[in-house]
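Take a look at the structure below.
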Amino acid sequence: MSLKYRCYFGRFVSTGVLSLSIFFLCFSLLKAQAQDRPNILFAISDDQSFPHASAYGTDWVQTPAFDRVADQGILFTRAYVPNPKCAPSRSIILTGRNSWQLEEAANHWPDFPEKFKVFTEVLEEEGYFVGSTGKGWAPGIAQTTDGSPRHLAGTPYNEMTMQPPTSAINSNDYAANFEFFLESRENKDQPFSFWYGGHEPHRRYVYSSGVQIGGKEINQIKEIPSFWPDTDSIRVDMLDYAMEIEYFDEHLGRMLAHLEEIGELDNTVVVVTADNGMPFPRIKGQLYEQSAHLPLAIMWPNGIESPGRVVDDFVSFADFAPTFIELAGLEWKDTGMHPTVGKSLTDILFSDREGQVNEERDHVILGKERHDVGRPYDWGYPVRGIVKGDFLYLRNFEEDRWPVGNPETGYLNTDGSPTKSFILDHRTTAGMYHYWQWNFGKRPFEELYNISEDPNCLHNLADDPAYSDQKNHLAEELYRKLKEQNDPRVMGRGYIFEVFPYMDSGTQNFYQRFMNGEEMNTGWVNDSDFETEPLPEQSQ
């Protein structure tokens, strides 16, 4: 059938003049198409910021598999995760709802509410063969009322292992486990949904592995974020991160090659993205541009119109679930899932346009509650925000709290790293205090950034009279949409996010236990991150 006409599971899209004969032909093919539902390969790296893929022009990280998906599909330039932390991000993907609509699952390390059905469960009910490898939904507890585990990303396939290039890289042979998953299908015509959750480039790294094993050089990085000092150790840290992105990409390449070999690539929707920004200070777990802005490429040879396009529409991670549900030929209202705020991406997939495809996709709402612990009573750092056009507006609800955790408990919402250690070790050095302030200091009630001119989000325009109208318009739109979504934080019930327990018993109630002298598990930060006494600047 001509690419001018597409009849898809009861939905007709026309880009030309429709003749009656084409119309009837289209509907005569519906039954055949329904039997040929697309496979889904969802590949998600762990802690990778935009634009850290070579398809975006970053030359110190090479991602040929991601680039292939972009070249043979669509490269997205404005994909944002509403809540940039592992568990909340993945909860949004699976449910199609923003994290503040997910009760306990708004937080990191939660007890995932049984009431929220996820798209993988629906696909399995509808005849898909569903599985996963690596990191699925995590960290947290997901189970049914009788205590049975819920594998939210799909049945795990993690048996195959290999010797990774460093001791910090997971030994899971992701690609081999994907092949084993496919071989486990009794019916080779059964459509599949597979979640490839790489553990990379999550920390920790083997220091200088990017240089010594990956063959990289520190002068490959032309510029580092200006909220860090430009030092060799920080550049080496970035190259270690780059090497792990490439490892994730290598397994993706093997998966694509296998699908091509067995003749299933053409009818597979391949989505490649990350869960949140890079595990460095001021990025992972925050709501700044490099925290929530993530890489995204989608290919589907049988379905995407005009492959090779670059699309600038704003895309939210809440859009993935409704996309998969629609492509499986299902109506959301029939799935048993709670209502979605996401919008299926089929308007983009079936378009032949570049740039801005749908003018209504002009913003993404952001927000966070509790991520890692480290504040008194396991309190979080609640923020809501909106990114629209060239501007990012943030509203910090508890500006008296420490944004990334208290100094005396090691700033626990920033992973330990050479970059973090350098900034903290030099925080009293003349001319270096501002780096500490940008990365670990307290923040004002409101923040406004022109992200096209200031992607590092260092020049707060919130108090600039020249931007007061812009700020007020964004704040009004943010609050209006949050009220439409019944966000407890703006409806006067934000306290509920504070009382949901942090489900890791080893670190629950961390602040009180640590301050009382208990030895705590702090494996994700360095011992030197803890401040034994406050700095003079901090006590002012």
Side-chain angles (χ1 to χ4, degrees), residues 42-67 69-71 73-86 89-90 92-93 198 200-202 221-228 238-239 241-242 244-246 248-249 252 271-299 309-320 345 348 354-356 361-366 385-392 394 449-458:
F42 185 75
I44 180 168
S45 64
D46 196 356
D47 301 356
Q48 178 185 355
S49 289
F50 176 93
H52 299 154
S54 43
Y56 291 115
T58 300
D59 57 9
W60 46 271
V61 55
Q62 298 302 311
T63 54
F66 180 91
D67 300 355
V69 173
D71 184 60
I74 301 172
L75 181 66
F76 292 82
T77 65
R78 286 178 162 178
Y80 284 80
V81 59
N83 191 335
K85 193 74 170 183
C86 298
S89 167
R90 293 159 194 261
I92 294 166
I93 293 168
E200 295 75 33
H202 194 287
I221 300 177
K222 302 300 187 290
E223 183 180 6
I224 70 169
S226 51
F227 43 76
W228 306 329
M238 293 174 68
L239 292 178
Y241 156 80
E244 294 212 1
I245 294 174
E246 293 174 356
F248 169 85
D249 190 78
L252 173 63
V271 178
V272 191
T273 188
D275 61 349
N276 49 250
M278 64 195 296
F280 284 71
R282 197 177 164 87
I283 299 181
K284 180 181 177 180
Q286 309 308 305
L287 285 186
Y288 293 120
E289 167 68 3
Q290 295 175 55
S291 311
H293 192 178
L294 302 181
L296 174 64
I298 301 177
M299 72 180 286
R309 289 180 285 138
V310 177
V311 168
D312 301 324
D313 294 50
F314 281 89
V315 172
S316 166
F317 274 32
D319 298 336
F320 292 137
L345 295 170
I348 295 174
E354 287 196 298
Q356 186 76 31
R361 293 185 181 273
D362 64 354
H363 72 280
V364 173
I365 303 295
L366 312 175
I386 181 172
V387 55
K388 183 172 183 177
D390 292 333
F391 287 89
L392 169 65
L394 299 174
Y449 302 100
N450 184 328
I451 55 177
S452 64
E453 298 177 359
D454 178 26
N456 291 317
C457 299
L458 293 179

**Request:** Considering non-hydrogen atoms only, spot the tightest contact between Q48 and Y241 and give its length.
**Result:** CA-OH, 3.6 Å

**Prompt:** So, N456 versus Q290: side-chain donor-acceptor pair below 3.5 Å or not?
**Reply:** yes

**Message:** Working note: L239 + W60, criterion side-chain contact (heavy atoms from CB on, under 4.5 Å); need CA distance, chi angles, decisive distance, verdict.
**Reply:** CA-CA 7 Å; L239 292 178; W60 46 271; 4.3 Å; yes

**Message:** Looking at T273 and P295, would you say the former's side chain and the latter's main chain have a donor-acceptor pair under 3.5 Å?
**Reply:** yes

**Request:** Output the distance between atom CG (L366) and atom NE2 (H293), rounded to the nearest 0.5 Å.
**Result:** 11.5 Å

**Message:** Using the rule given for side-chain contact (heavy atoms from CB on, under 4.5 Å), can you reason through E354 versus D312, listing the C-alpha separation, both sets of side-chain angles and the distance that settles it, and then say yes or no?
**Reply:** CA-CA 8 Å; E354 287 196 298; D312 301 324; over 6 Å; no

**Request:** List the atom of D67, the atom of A55, and the distance in Å for their closest heavy-atom pair.
**Result:** OD1-N, 2.9 Å

**Request:** Give the minimum heavy-atom separation between Q286 and P84, together with the two atoms involved.
**Result:** O-CG, 2.7 Å

**Asked** Do V272 and F248 have side chains that get closer than 4.5 Å, going by heavy atoms?
**Response** yes

**Prompt:** Please walk me through it: do E246 and F66 pass side-chain contact (heavy atoms from CB on, under 4.5 Å)?
**Reply:** CA-CA 10 Å; E246 293 174 356; F66 180 91; over 6 Å; no

**Prompt:** Is there a donor-acceptor pair under 3.5 Å between the side chain of S89 and the backbone N or O of N83?
**Reply:** no

**D362 bridged to K388 by N-O distance under 4.0 Å** = yes

**Prompt:** Looking at side-chain heavy atoms only, is the closest gap between L345 and F320 below 4.5 Å?
**Reply:** yes

**Prompt:** Counting N and O atoms only, with roles assigned by atom type, does the side chain of S45 sit under 3.5 Å from a partner on the main chain of G198, one being a donor and the other an acceptor?
**Reply:** no

**Request:** Would you sort out whether Y56 and V61 count as a side-chain contact (heavy atoms from CB on, under 4.5 Å), showing the intermediate values?
**Result:** CA-CA 10 Å; Y56 291 115; V61 55; over 6 Å; no

**Message:** One thing to verify: whether K284 and D275 come together as a salt bridge, which I'm taking to mean a side-chain N less than 4.0 angstrom from a carboxylate O.
**Reply:** no

**Message:** With a 3.5 Å distance limit and no angle check, can you tell me whether D249 reaches the backbone of A65 through a side-chain donor-acceptor pair?
**Reply:** yes

**Item:** Qualifying residues under side-chain contact (heavy atoms from CB on, under 4.5 Å), relative to N450, sequence neighbours excluded
**Value:** D390, F391, S452, E453, L461

**Message:** Using only atom types and a distance under 3.5 Å, with no angle test, would you say the side chain of S49 pairs donor to acceptor with the backbone of M278?
**Reply:** yes

**Request:** May I ask you to decide if P201's main-chain N or O and D47's side chain share a donor-acceptor pair within less than 3.5 Å?
**Result:** no

**Donor-acceptor contact below 3.5 Å, side chain S291 vs main chain G285** = no

**Asked** With no hydrogens and no angle check, is any side-chain donor or acceptor of R282 less than 3.5 Å from a backbone partner on W228?
**Response** no

